[in-house]
Amino acid sequence: MASQYYQEMQEIFRNYSKSREFPAHTAKVHSVAWSCDGKRLASGSFDKTASVFVLEKDRLVKEDTYRGHGDSVDQLCWHPSNPDLFVTASGDKTIRIWDVRTIKCVTAINTKGENINICWSPDGQTIAVGNKDDVVTFIDAKTHRSRADEQFKFEVNEISWNNDNDMFFLTNGNGCINILSYPELKPIQSINAHPSNCICIRFDPMGKYFATGSADALVSLWDVEELVCVRCFSRLDWPVRTLSFSHDGKMLASASEDHFIDIAEVETGEKLWEVQCESPTFTVAWHPKRPLLAYACDDKDGKYDSGRESGTVKLFGLPGDS
């Protein structure tokens, strides 16, 4: 028997099954992320800019475009508790912190290489940025100075703190999850998670699980306390690029080059819904308060609709209140 939650979410998604599309950039979108209060969505693009939208009921209204990077904005994230600040990582060897109240760059911080991933610690005090040379730099969010540079001997893919802020996780090209103590950055454990490249990692808001996505097209769900895999999701056929847990920790969205986004019920692993896409999906992000999914896909081939602006952001799920 399907759970009551499962039935309720299916009913919501049936009623709001059409994705809404919003122009965001002049080139493909690499990253989308919600502010902690869910009022704004930011996107980063190959066009070297970030965009910020305000969520108004069922639509995104573009607020501002943030310019300054000299290369693609590959990843961005918001401050965990301040809804006005977000940070962008770029291939131009800088990260930039932005304030939506002034639409200005608070600071541009030079880094040692072309940056590809970034995360903000749950306590808001540190920003970690990883580059193409597998160096992770830890930057003090107040002084904007580097606290540590860690060079790794393996391909570092995605990075994340745990919710308690006392461990730091990296996914690597050998299919492993490396866990370091924080702030000491001493190796605690290396978990053989997948037989091939381990690409992405996400922690659920409740602190019970984390999930990893791999080039083997599998998503694995891990118990945070026990560090054991509790189940796998295997409905995708291509390397899993992006993951996101819903605000209540009960749904997990995963996406790849498959032309759909898989939405699974976390506790059973069952498919709750499938969001149809016309091209590969780069990034997904659940709203922090409601079952509303933001995502961005690869630019469609010109033969579909050459007149359409590339670089759109899409919403699927329950529209907001005002």
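Given the structure is predicted, the values throughout are model-derived calculations rather than measurements.
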Answer yes or no: is there an ion pair linking Asp133 with Lys112, defined by an N-O contact shorter than 4.0 Å? no
Atom CZ of Phe233 and atom CG of Leu218: how far apart are they, to the nearest 0.5 Å? 11.0 Å
Measure from the side-chain N and O atoms of Asp64 to the backbone N and O of Val52, and report whether any donor-acceptor pair falls under 3.5 Å. no
Trp34 side-chain N/O to Ala285 backbone N/O, donor-acceptor pair under 3.5 Å: yes
Say you draw a straight line from CG of Leu243 to CZ of Phe210; how long is it, rounded to the nearest 0.5 Å? 11.5 Å
Linking I/L/V/M/F/W/Y whenever their side-chain heavy atoms sit closer than 4.5 Å, directly or via other members, would Leu221 and Leu227 fall into one cluster? no
Quick check: do Phe86 and Val100 have side-chain heavy atoms less than 4.5 Å from each other? yes
Asp149-Thr137 side chain donor-acceptor pair, cut-off 3.5 Å: yes
Just wondering, do Leu272 and Gln10 contact through their side chains at under 4.5 Å, heavy atoms? yes
Using a distance-only test with no angle check, is there a side-chain donor-acceptor pair under 3.5 angstrom linking Asn197 and Glu155? yes
More than 12 heavy atoms of other residues, nucleotides or ligands under 6.0 Å from CD of Gln151: is that the case? yes
Closest non-hydrogen atom pair, Glu265 against Tyr6: OE1-CD1, 3.5 Å
Exam field: side chain Asn117 to backbone Ile159, donor-acceptor pair closer than 3.5 Å: no
Any carboxylate oxygen within less than 4.0 angstrom of a Lys/Arg side-chain nitrogen, looking at Glu267 and Lys208? yes
Answer whether the closest heavy-atom distance between the side chains of Ser51 and Thr65 falls below 4.5 Å. yes
Side chain of Thr171, backbone of Ile201: donor and acceptor closer than 3.5 Å? no
Decide whether Leu55 and Leu318 are clustered together by the hydrophobic rule: side chain heavy atoms of Ile, Leu, Val, Met, Phe, Trp, Tyr closer than 4.5 Å, transitively. no
Tell me, do Thr88 and Tyr66 make a side-chain contact under 4.5 Å, heavy atoms counted? no
Check whether Thr242 reaches the backbone of Val284 with its side chain - one donor and one acceptor, N or O, closer than 3.5 Å. yes
Point-to-point distance, once rounded to the nearest 0.5 Å, from OG1 of Thr26 to NZ of Lys48: 10.0 Å
Apply side chain to side chain contact (heavy atoms under 4.5 Å, CB included) to Trp78 and Arg40, showing your working. CA-CA 10 Å; Trp78 291 83; Arg40 287 181 171 89; 3.9 Å; yes
For Pro280 and Arg241, work out which heavy atoms get closest and say how close. CB-NH1, 3.9 Å
Given the rule that I, L, V, M, F, W and Y join up when any side-chain heavy atoms are under 4.5 Å apart, are Val87 and Val129 in one cluster? yes
I'd like to know if the side chain of Arg231 and the backbone of Val266 have a donor-acceptor N/O pair within less than 3.5 Å. yes
Please round to the nearest 0.5 Å and tell me the distance separating atom OH of Tyr182 and atom CG of Asp123. 7.0 Å
Less than 4.5 Å apart, side chain to side chain, heavy atoms only: is that true for Glu158 and Cys200? yes
Once rounded to the nearest 0.5 Å, what's the spacing between atom CG of Asp216 and atom CD1 of Ile199? 8.5 Å
When you look at CZ of Phe46, are more than 12 heavy atoms from neighbouring residues, nucleotides or ligands closer to it than 6.0 Å? no
What closest approach, in Å, do Pro291 and Met9 show between heavy atoms, and which atom pair accounts for it? CB-CE, 3.3 Å
With side chain to side chain contact (heavy atoms under 4.5 Å, CB included) as the test, would you mind laying out the steps for Glu114 and Ile116 before giving the verdict? CA-CA 7 Å; Glu114 296 176 45; Ile116 52 173; 5.7 Å; no
Under a 3.5 Å distance rule, please check whether Asn115 uses its side chain to pair with a backbone N or O of Asp92 as donor and acceptor. no
Go through Ser19 and Tyr295 one step at a time and tell me if the side chain to side chain donor-acceptor pair (under 3.5 Å) criterion holds. CA-CA 10 Å; Ser19 289; Tyr295 65 99; 2.7 Å; yes
Look only at the side chain of Asp204 and the backbone of Gly249, and say whether a donor-acceptor pair between them is shorter than 3.5 Å. no
Could you check, using the six-membered ring where one of them is a Trp, whether Phe245 and Tyr209 have ring centers closer than 6.0 angstrom? no
Answer yes when Arg145 and Asp140 have at least one side-chain N-carboxylate O distance shorter than 4.0 Å, and no when they do not. no
Determine whether the aromatic ring centres of residues Phe22 and Phe53 are separated by less than 6.0 angstrom. no
Less than 4.5 Å apart, any side-chain heavy atom of Phe154 and any of Asp134? no
State whether a side-chain donor-acceptor pair under 3.5 Å links Asp58 with Tyr16. no
Crowding at CZ, Arg67 (>12 non-hydrogen neighbours, <6.0 Å): no
Within the side chain of Asn172, is there an N or O that forms a donor-acceptor pair under 3.5 Å with the backbone of Asn174? yes
Do Val224 and Asn163 come close enough that some side-chain heavy atom pair is under 4.5 Å? no
With rounding to the nearest 0.5 angstrom, report the CD to NE2 distance, Gln125 to His79. 9.0 Å
To check you understand the geometry: which heavy-atom pair defines the closest contact between Ile118 and Ala89, and what is its length? CB-CB, 3.9 Å
Which of parallel (below 30°), tilted (30 to 60°) and perpendicular (above 60°) describes Trp161 and Phe168? perpendicular
Walk me through it: do His69 and Thr94 pass the test side chain to side chain contact (heavy atoms under 4.5 Å, CB included)? CA-CA 8 Å; His69 279 300; Thr94 70; 3.3 Å; yes
Check the surroundings of atom NZ in Lys62: do more than 12 heavy atoms from other residues, nucleotides or ligands lie under 6.0 Å from it? yes
Where Leu76 and Ser43 come nearest, the two heavy atoms and their spacing: CD2-C, 3.4 Å
Under 4.5 Å between side-chain heavy atoms, counting indirect links through other Ile/Leu/Val/Met/Phe/Trp/Tyr residues: same cluster for Trp98 and Ile95 or not? no
Transitive ILVMFWY side-chain link Leu185 to Ile177, under 4.5 Å: no
Side chain to side chain contact (heavy atoms under 4.5 Å, CB included) between Cys277 and Ile261, worked out: CA-CA 7 Å; Cys277 308; Ile261 298 166; 3.8 Å; yes
May I have the step-by-step check of side chain to side chain donor-acceptor pair (under 3.5 Å) for Ser220 and Thr212, ending in yes or no? CA-CA 5 Å; Ser220 55; Thr212 57; 2.7 Å; yes
When the ring planes of Phe316 and Phe13 are compared, do they come out parallel, tilted or perpendicular, using 30° and 60° as the limits? tilted
Spell out, as yes or no, whether a donor-acceptor pair under 3.5 Å connects the side chain of Asp223 to the backbone of Val228. no
Contact summary for Ser45 and Lys28, nearest pair of heavy atoms: OG-O, 3.0 Å
